[in-house]
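Notes to accompany the following structure.
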There are 2 protein chains.
Amino acid sequence: MANAKITEKDDFDLRNFLPFLLNQAAEESSLEFQQVYKNRYGMLRTEWRVLFHLGNYGEMTAKEIGERAKIHKTKISRAVHKLEQRRYLTRTRDDKDRRVERLTLTANGAAVYRELRGIAEEYDAKLAAHFTRGEAALLRMMLRRLAGME
Amino acid sequence: MANAKITEKDDFDLRNFLPFLLNQAAEESSLEFQQVYKNRYGMLRTEWRVLFHLGNYGEMTAKEIGERAKIHKTKISRAVHKLEQRRYLTRTRDDKDRRVERLTLTANGAAVYRELRGIAEEYDAKLAAHFTRGEAALLRMMLRRLAGME
DNA sequence: GCTTGTTAGTTACAAAATCAACTATTATCC
DNA sequence: GGATAATAGTTGATTTTGTAACTAACAAGC
């Protein structure tokens, strides 16, 4: 492996750079789960995220989901449209404020959510098994802090 | 905030799901740095990654970069093309195996690398400052393990 | 109450990522 | 040594994302 250093003192190591590490870990740890919602349900990442938000937190608006998960409103819009087509969710106009749409899972959508949630739980346990209980708890805490989810 | 639970026993919380947390943290912690290489140098994510690999590890082939950073070869190919156009790197055919191209940064590319590396170091320090030294070291270790970079 | 500004969500167009098929070169195996 | 398979990298077609402009509904100021 080539190893010519660009400058004399170069103690920087990409393999320690947090944004890079976080990306690699996120990528790697999403892959296996992605297979499931992609291959088994033909869903895109944003779609399962919307589904999980509705399943996990109950009725929400597109805007609320976007704020929590930091997803742009156009992505949400498209994901909601697709989930609606597949009869995973329904929209109802808010009568107080007719700009707003309240989103809720259908029985069908809720069933898919429950199935995926089960797989997610197993998968999360498998990832956490790389560490001690304490380490895993600390990891989650640190990630929440980095994500600004405190 | 709506909070109707879908099932009776629903102890799953999206905010603790590692793939989700990792993604959120990765996204959030890339944003600020992304502004720099994007706005100041007009580079895409894959482009700075290729640049950083060459700067950090010296001469490499497209394939090697792809393996290390888990980037698909078509993305690398296009990133290399663009970095070549901007005279940040040069390619030379390997005479032992004429399928292979050895990539190296130009003086110009190395200068840009050094500038970005400095910013990356500062930024990494800022992120790590959320934690104690020990915690930060543990975090990096855990991320490397999750990323399969052990 | 009417102009001006905001907000929720959609749509159109441009940019980028993905996937499959392709060229060129080297390795394998009979 | 010649057919077959594998590898490095590229290209084109399709899908997905990002950006900006848009509609529709509400809010505030006067």
Side-chain angles (χ1 to χ4, degrees), chain A residues 1-2 23-24 26-27 30-31 34-35 37-39 41-51 53-54 59-86 89-104, chain B residues 1-2 23 26-28 30-31 34-35 37-39 41-51 53-54 59-86 89-104:
Chain A
M1 173 226 308
N23 258 296
Q24 295 297 104
E27 195 77 16
S30 297
L31 257 173
Q34 191 174 31
Q35 300 309 313
Y37 63 74
K38 212 167 183 178
N39 297 343
Y41 293 100
M43 274 194 268
L44 258 31
R45 184 189 294 219
T46 309
E47 288 157 26
W48 87 251
R49 285 197 175 191
V50 169
L51 187 87
H53 272 80
L54 294 175
E59 180 185 287
M60 292 180 86
T61 68
K63 200 205 173 198
E64 285 166 348
I65 298 173
E67 277 167 358
R68 285 221 196 180
K70 297 203 189 82
I71 304 175
H72 195 270
K73 58 183 182 172
T74 62
K75 267 166 102 173
I76 306 255
S77 177
R78 281 156 181 152
V80 166
H81 182 70
K82 212 159 177 188
L83 291 172
E84 189 187 30
Q85 281 188 321
R86 302 211 178 150
L89 63 77
T90 55
R91 333 186 192 206
T92 52
R93 281 274 167 216
D94 187 326
D95 276 328
K96 311 276 182 202
D97 183 345
R98 302 192 38 72
R99 289 169 301 184
V100 173
E101 289 177 345
R102 320 222 123 266
L103 307 171
T104 31
Chain B
M1 173 226 310
N23 258 295
E27 194 77 16
E28 181 65 26
S30 297
L31 259 172
Q34 191 173 31
Q35 301 309 313
Y37 63 73
K38 211 167 183 177
N39 297 343
Y41 292 101
M43 272 193 269
L44 258 32
R45 184 189 294 222
T46 309
E47 288 157 26
W48 86 251
R49 284 196 175 194
V50 169
L51 186 87
H53 273 79
L54 294 176
E59 180 184 286
M60 292 181 86
T61 70
K63 201 206 173 196
E64 284 166 348
I65 298 173
E67 276 167 357
R68 284 219 196 182
K70 295 200 190 86
I71 305 174
H72 195 270
K73 58 182 181 173
T74 63
K75 268 165 100 175
I76 306 253
S77 176
R78 280 156 180 150
V80 166
H81 182 70
K82 213 159 177 187
L83 291 172
E84 190 187 29
Q85 281 188 321
R86 301 210 180 152
L89 63 76
T90 54
R91 334 186 191 206
T92 52
R93 282 273 167 217
D94 187 328
D95 275 326
K96 311 275 183 202
D97 183 344
R98 301 191 38 73
R99 290 169 301 185
V100 173
E101 289 178 345
R102 320 222 123 265
L103 308 171
T104 32

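Since we're looking at a predicted model, the values are computed, not measured. A, B, ... follow the sequence lines: proteins, then strands. Residue 1 opens every chain.
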Fill in: Whichever of A/Lys38 and B/Leu44 has its nearest DNA chain C nucleotide further upstream toward 5'
B/Leu44
Worksheet item: Want to settle it: does A/Thr61 or B/Arg98 sit nearer the 5' end of DNA chain C, counting the closest nucleotide to each?
Response: A/Thr61
Discussion item. Taking any heavy-atom pair under 4.0 Å as a contact, classify B/Ile76: base, sugar-phosphate, or nothing.
Written reply: nothing
Worksheet entry | Step-by-step salt bridge (Lys or Arg N to Asp or Glu O under 4.0 Å) determination, B/Glu67 to B/Lys63 | CA-CA 6 Å; B/Glu67 276 167 357; B/Lys63 201 206 173 196; 3.1 Å; yes
Worksheet item: What are the bounds, 5' to 3', of the part of DNA chain D that sits under 4.0 Å from heavy atoms of chain A?
Response: D/dT16 to D/dC26
Worksheet item: So what does A/His72 touch, heavy atoms closer than 4.0 Å: a base, only the sugar-phosphate, or nothing?
Response: base
Worksheet entry | Heavy-atom closest contact (A/Arg91 atom, A/His81 atom, distance) | NH2-CA, 3.6 Å
Worksheet item: Is the side chain of A/Arg93 donor-acceptor paired with the backbone N or O of A/Arg98 at a distance under 3.5 Å, no angle test?
Response: yes
Worksheet, complete the sentence: Nt span of DNA chain C in reach of chain A heavy atoms at under 4.0 Å, 5' end first, is C/dT6 to C/dC13
Discussion item. Donor-acceptor pair, distance only, cut-off 3.5 Å: does the side chain of B/Arg49 make one with the backbone of B/Ile71?
Written reply: no
Worksheet item: Taking atom CD of A/Gln24 and atom CZ of B/Arg68, what is their separation to the nearest 0.5 Å?
Response: 11.5 Å
Discussion item. Restricting to non-hydrogen atoms, name the atom on A/Leu54 and the atom on A/Leu103 that form the minimum distance, rounded to 0.1 Å.
Written reply: CD2-O, 3.6 Å
Worksheet item: If you find the nucleotide of DNA chain D closest to A/Lys73 and the one closest to A/Lys96, which residue's nucleotide is nearer the 5' end?
Response: A/Lys73
Practice prompt. For B/Glu28, look at atom CD and say whether over 12 heavy atoms of other residues, nucleotides or ligands are found less than 6.0 Å away.
Written response: yes
Discussion item. Between A/Arg99 and A/Arg45, which residue's closest nucleotide on DNA chain D lies nearer the 5′ terminus?
Written reply: A/Arg45
Discussion item. If the condition is side chain to side chain contact (heavy atoms under 4.5 Å, CB included), which residues does B/Arg99 pass it with, not counting sequence neighbours?
Written reply: B/Asp97
Worksheet item: What does A/Arg93 touch in the nucleic acid at a heavy-atom separation under 4.0 angstrom: a base, only the sugar-phosphate, or nothing?
Response: nothing
